[in-house]
Amino acid sequence: MKWNLPNILTVLRLLAAPGLAVMFLYFTRPYADWFALVLFLSAAITDWFDGYLARAWKQETKIGAMLDPIADKAMVVIALMILVGYSNENWTPWLVLPATVILFREVFVSGLREYLGDTAGTLKVTKLAKWKTTAQMVAIAVLFSQGIFEHYFVMGTFGMNPELIDQALTGQIDDANHLRWHLEGMFWSGRIGLWLLWIAATLTLITGYDYLRKAMPHLKES
């Protein structure tokens, strides 16, 4: 393996995927959410840089081409697992369906590529597939931030009875703990994150069907 900078960034992104789960094992929330968000964003940024640098510096390698999609899939799969596992029970049903669609597609396409072997090179990554990946990354990052807002809101209400919370939210008393800001952040980051995840799931279905359509000639019986 050639240890050039693009390949190093790809390997670091691959290692960052299980690192997301480790954050929730060793840290309490909302610190785990913060660390996971920073780690995920850093990995998402390297996803663009490693490909760009490999092409710009003409350092594209077979190992890099192999590890890059694996790192992307690992980041998405583990992040979705964490979000579903730690989400509020009111949000979980709305997360499960798009997450299931995305995970099913990744498994299906990976199995399809494995079966096709050398002919899998005919299944080129399309622009729509890149938009799908971008939508997934942004949606997951926004949903991680929703967990941060949620826990700061809960921490801010500690020791307050429902009446005091309501008075702070409606402006009847001084909102010293910034409850309104945290509640608004929790609401909008959750909504936007879910919308983006459903968009990503829709693009996932479209690109998955496109891969299957292109692979059909290679699946016909002789």
Side-chain angles (χ1 to χ4, degrees), residues 3 5-53 64 67-92 94-96 98-100 102-103 106 132-159 176-201:
W3 287 102
L5 182 58
N7 283 349
I8 291 173
L9 291 176
T10 301
V11 171
L12 290 176
R13 191 166 80 257
L14 183 62
L15 295 175
L20 293 174
V22 172
M23 296 299 104
F24 287 85
L25 292 176
Y26 285 94
F27 300 101
T28 58
R29 304 183 74 180
Y31 304 108
D33 299 84
W34 270 115
F35 295 144
L37 176 60
V38 171
L39 186 61
F40 185 84
L41 287 176
S42 300
I45 292 171
T46 63
D47 183 29
W48 182 83
F49 270 107
D50 60 7
Y52 173 79
L53 293 177
L67 289 178
D68 186 69
I70 293 176
D72 291 342
K73 289 176 174 57
M75 287 293 298
V76 170
V77 168
I78 294 176
L80 288 176
M81 178 186 69
I82 292 170
L83 287 171
V84 171
Y86 285 90
S87 66
N88 186 295
E89 62 181 8
N90 295 325
W91 291 94
T92 301
W94 297 102
L95 278 172
V96 168
T100 300
I102 291 170
L103 297 182
E106 299 298 355
K132 178 265 301 178
T133 301
T134 301
Q136 287 177 357
M137 295 295 188
V138 175
I140 290 170
V142 173
L143 287 172
F144 271 133
S145 71
Q146 192 268 342
I148 295 173
F149 283 116
E150 179 182 359
H151 278 79
Y152 276 119
F153 177 79
V154 173
M155 290 167 60
T157 59
F158 184 77
N177 293 333
H178 309 291
L179 297 183
R180 277 177 293 177
W181 187 78
H182 291 145
L183 185 63
E184 286 290 322
M186 180 178 70
F187 177 85
W188 285 110
S189 59
R191 290 294 190 279
I192 294 172
L194 279 176
W195 293 337
L196 288 173
L197 195 65
W198 278 89
I199 291 173

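For the single chain, residues carry numbers from 1 onward in sequence order.
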Ile78 to Pro18 - nearest heavy-atom pair and separation: CD1-N, 3.7 Å

Nearest-0.5 Å distance that lies between atom CE in Met81 and atom OH in Tyr86: 8.5 Å

Val76 side chain near Ile140 side chain, heavy-atom distance below 4.5 Å: yes

Test ring-ring contact (aromatic ring centres under 6.0 Å, His included) applied to His182 - qualifying residues, sequence neighbours left out: Tyr152

Under-4.0 Å salt bridge between Arg191 and Glu184: no

Geometric class of the Trp181/Phe149 ring pair [parallel <30°, tilted 30-60°, perpendicular >60°]: perpendicular

For the student: nearest non-hydrogen atoms of Met155 and Pro30, plus distance: SD-CD, 3.5 Å

CG on Asp68 to CG on Leu9, rounded to 0.5 Å: 10.5 Å

Residue list, ring-ring contact (aromatic ring centres under 6.0 Å, His included) with Phe153, at least two apart or on another chain: none

Spatial distance of atom CE (Met137) from atom CG (Asp72) [nearest 0.5 Å]: 4.5 Å

Matching residue for Pro98 among Leu197, Leu80, Leu103 - test: side chain to side chain contact (heavy atoms under 4.5 Å, CB included): Leu197

Residues Phe35, Leu20; criterion side chain to side chain contact (heavy atoms under 4.5 Å, CB included); working and verdict: CA-CA 8 Å; Phe35 295 144; Leu20 293 174; over 6 Å; no

Closest non-hydrogen atom pair between Leu194 and Leu143, with its separation: N-CD2, 3.9 Å

Per-pair distances, 0.1 Å, donor-acceptor, side chain in residues 37-44, under 3.5 Å, sequence neighbours excluded:
unit_1 : atom_1 : unit_2 : atom_2 : d
Ser42  : OG     : Val38  : O      : 2.8

Derivation and outcome, side chain to side chain contact (heavy atoms under 4.5 Å, CB included), residues Gln146 and Asp33: CA-CA 9 Å; Gln146 192 268 342; Asp33 299 84; over 6 Å; no

Approximate separation, where rounding is to 0.5 Å, of Glu150 CD and Met186 CE: 6.0 Å

Side-chain touch Val11/Leu67, heavy atoms, less than 4.5 angstrom: yes

Distance, nearest 0.5 Å, that separates CG of Leu196 from OG of Ser189: 11.5 Å

Under the ring-ring contact (aromatic ring centres under 6.0 Å, His included) test, residues paired with Trp188 that sit two or more places apart: none

Ile148 CD1 to Tyr31 OH distance, which is reported to the nearest 0.5 Å: 12.0 Å

For Trp198, all residues meeting side chain to side chain donor-acceptor pair (under 3.5 Å), sequence neighbours excluded: none

Side chain to side chain contact (heavy atoms under 4.5 Å, CB included) involving Ala200 - partner list, sequence neighbours excluded: Ile102, Ala135, Gln136

Working for side chain to side chain contact (heavy atoms under 4.5 Å, CB included), residues Arg29 and Phe24: CA-CA 8 Å; Arg29 304 183 74 180; Phe24 287 85; 4.0 Å; yes

